[in-house]
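Keep in mind it's a predicted model, so treat the numbers as computed, not measured. Atoms within a ligand are numbered from 1 in the order they appear, just like the ligands themselves.
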Amino acid sequence: MHDSDPASHPSVEIVPVDRVCGRIRPPGSKSLTNRALICAAFADGDSVITGALRSEDTEVMIEAIRSIGVVVEASDGGRHLNVSTSGRIARTDEIPIEMFIANSGTTIRFLTAALSAFGGNYRLHGVQRMHQRPIGDLVDAIAMVIDGDISATSPSGCPPVVMSSRGWQSDSMSVAGAVSSQYLSGLMMAAPIRSTANSNLTTRINVVGELVSRPYVDMTAEVMRSFGSVVGVIDDASGTQVAVDIGSAGYIGGDHSIEPDASAASYFWAAAAITGGEVTVEGLNRSAMQGDVGFVDVLEKMGCEVRHTDDSITVVGRPLSGVDVDMNVISDTVQTLSMVALFAEGPTRVRGVAHNRFKETDRIGDLACEIRKLGARVDEHDDGLTIHPAAHLHPATLETYHDHRMAMSFSLVGLRLPGVKILNPACTSKTYPEYFADLERLIGHAHRWHTASS
Ligand SMILES: O=C(O)C1=C[C@@H](OP(=O)(O)O)[C@@H](O)[C@H](O)C1
Ligand SMILES: C=C(OP(=O)(O)O)C(=O)O
């Protein structure tokens, strides 16, 4: 193991820096990689995915589709994927195929929907936390259309998911969207799989009630279109109800390139913001498919200067003021923003993210708990939190709750405050195994890796 390999160290301490300045291209988007893998796995013809993310969340997706006969060949450190299905993908109606999906929400939600449309016997399970993360609304939606049985077997409708399916037998379905948008995205991507098998009709999916994290649904539609699908996302006149129509055409294999991950980029933009530095993230622009590029708009509102080009977004740190912001559509960046808030003048109120309690950990309660250890006051609300910056923050040893975004966010405080130790830094492997190495390269010096946890 390498000296600075997070896996060999129970904690890491970031050595503060004056100003973070530089350019960086984060690894490929998790959300785009896993969508492309689903579409490619069920496509007619082979696909090539370039710029893909290699991390735990994409590896569990790749292993799962391999288990139904899809051939995935990785090269260039996992960034280049050849996905081949022709004549190999098999549906088994006998022994259930076991799929281990660790704690990847996208993988379990997208696959549950896709496999229910494809048909066969499956059991999808993960780590302990995955068995506490909801999937009941998706399972209920599928139960209404499946020719077969599906259930979520942990209390409160959580995985493992067990299903025995001969496909869908309806062209119309409804799903709730208040807990996660991944249910709708999963059903959307499943529709062409079912269409090729069973139907020449358009599939209509109605969203019942609120839909969180909306940009991910538009991303799903865009990726599907790039695989030949005809998709319409329809907002009613009041702007509160969403429905999706998906044409009967199946997926067609082809070449797809993946944008750098915008949620991962948020840490680097925030590093510029809190140190008065200047960081350019390459490979992203205002019209990226990922809604999380909108994080820079919040930094701009706090006082930063933001510059956009066709192939980059730069943040220049300036004196920061607190904001009152609804982060429903960019909820993966709440932890990043909370760290920026600690260095702003005046409080920051984050709204609209009640669904953050259902992610890798409770990203409201657990986040508040760790921020308080640094000496700041935090009010916890049902839908978010208010952070009151303290005149003097103090060093602390911070828990990460097996949540990659906790570890990556806490590294930001370490850029300004000596003595911040982050426990279990290896948890960034869920979406960004090289995070600490990339941060080191950007700031130009090494972190202190600890062999004891405190
Ligand atoms: O569809 C996706 O790729 C994602 C949707 C979001 O989840 P929710 O819809 O549960 O908010 C986001 O938090 C997750 O990291 C990725
Ligand atoms: C919430 C996340 O992931 P998922 O829901 O895909 O596990 C995340 O990456 O922040």
Counting only heavy atoms not in Arg214, do more than 12 fall under 6.0 Å of its CZ?
->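 Enclosed.
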Count the heavy atoms belonging to other residues, nucleotides or ligands that lie under 6.0 Å from CZ of Arg66, then report whether that count exceeds 12.
->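 Yes - once you tally the heavy atoms of other residues, nucleotides and ligands closer than 6.0 Å, there are more than 12.
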Show the atoms of ligand 2 that are less than 4.0 angstrom away from any heavy atom in [X].
| X | result |
| --- | --- |
| Arg133 | 4 (P), 5 (O), 7 (O) |
| Ser104 | 7 (O) |
| Lys430 | 3 (O), 4 (P), 7 (O) |
| His404 | 8 (C), 9 (O), 10 (O) |
| Lys30 | 2 (C), 3 (O), 4 (P), 6 (O), 8 (C), 9 (O) |
| Lys359 | 1 (C) |
| Asn103 | 7 (O) |

Proximity winner for [atom], if only heavy atoms of [options] are counted:
| atom | options | answer |
| --- | --- | --- |
| atom 8 (C) of ligand 2 | Arg109, Glu360, Gln335, Arg129 | Glu360 |
| atom 7 (O) of ligand 2 | Gly105, Ser213, Ser181 | Gly105 |
| atom 11 (O) of ligand 1 | Arg133, Gln182, Lys359 | Lys359 |
| atom 1 (O) of ligand 1 | Arg35, Lys430, Met219, Arg214 | Arg35 |

For [X] and [Y], which I'm curious about, is there any donor-acceptor pair between the side chains at under 3.5 Å?
| X | Y | result |
| --- | --- | --- |
| Asp171 | Thr203 | no |
| Gln335 | Asp403 | yes |
| His381 | Thr386 | yes |

Got the closest protein heavy atom to [atom], with its distance?
| atom | value |
| --- | --- |
| atom 10 (O) of ligand 2 | Arg405 NE, 2.6 Å |
| atom 2 (C) of ligand 1 | Tyr216 CD2, 3.3 Å |
| atom 9 (O) of ligand 1 | Ser181 OG, 2.5 Å |

Evaluation steps, side chain to side chain donor-acceptor pair (under 3.5 Å), between Asn424 and Thr400 | CA-CA 7 Å; Asn424 186 20; Thr400 46; 4.5 Å; no
Taking non-hydrogen atoms only, is Thr106 closer than 4.0 angstrom to ligand 2 via side chain, backbone, both or neither?
->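 The part of Thr106 near ligand 2 is both the backbone and the side chain.
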Consider every N or O of Ser213 and every N or O of ligand 1, then say whether any pair is closer than 3.5 Å.
->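 Such a contact does occur with ligand 1.
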Close N or O approach (Ser185, ligand 1; < 3.5 Å) |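 No; every N/O pair is 3.5 Å or more apart.
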Test Ser429 against His404 for side chain to side chain donor-acceptor pair (under 3.5 Å), laying out the working first.
-> CA-CA 7 Å; Ser429 62; His404 52 142; over 6 Å; no
Atoms in ligand 1 flagged as close to Asp332, the criterion being non-hydrogen separation under 4.0 Å |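 The atoms of ligand 1 under 4.0 Å from a heavy atom of Asp332 are 12 (C), 13 (O), 14 (C), 15 (O).
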Considering only heavy atoms of Ser180, which atoms of ligand 1 have at least one such atom less than 4.0 Å away?
->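 Contacts of ligand 1 toward Ser180, numbered from 1: 8 (P), 9 (O), 10 (O).
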What do we get for His355 next to ligand 1 when only non-hydrogen atoms under 4.0 Å count, side chain, backbone, both or neither?
->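 The side chain, only.
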Going through the distances and angles, do Tyr267 and Arg405 end up as a side chain to side chain donor-acceptor pair (under 3.5 Å)?
-> CA-CA 9 Å; Tyr267 309 109; Arg405 300 204 189 284; 3.2 Å; yes
Do Glu259 and Arg25 meet the salt-bridge criterion of a basic N to acidic O distance under 4.0 Å?
->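 Salt bridge between Arg25 and Glu259, a charged N being under 4.0 Å from a carboxylate O: no.
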Is Arg349 salt-bridged to Asp383, cutoff N-O under 4.0 Å?
->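 Result for this pair is yes, salt bridge flagged.
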Can Tyr435 and Ser411 be said to form a side chain to side chain donor-acceptor pair (under 3.5 Å), step by step?
-> CA-CA 10 Å; Tyr435 174 73; Ser411 70; 2.8 Å; yes
Locate the shortest heavy-atom distance separating Ala262 from Trp269; write the atom from each residue and the value.
->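 Distance-wise, the nearest heavy atoms are O-CZ3, 4.0 Å.
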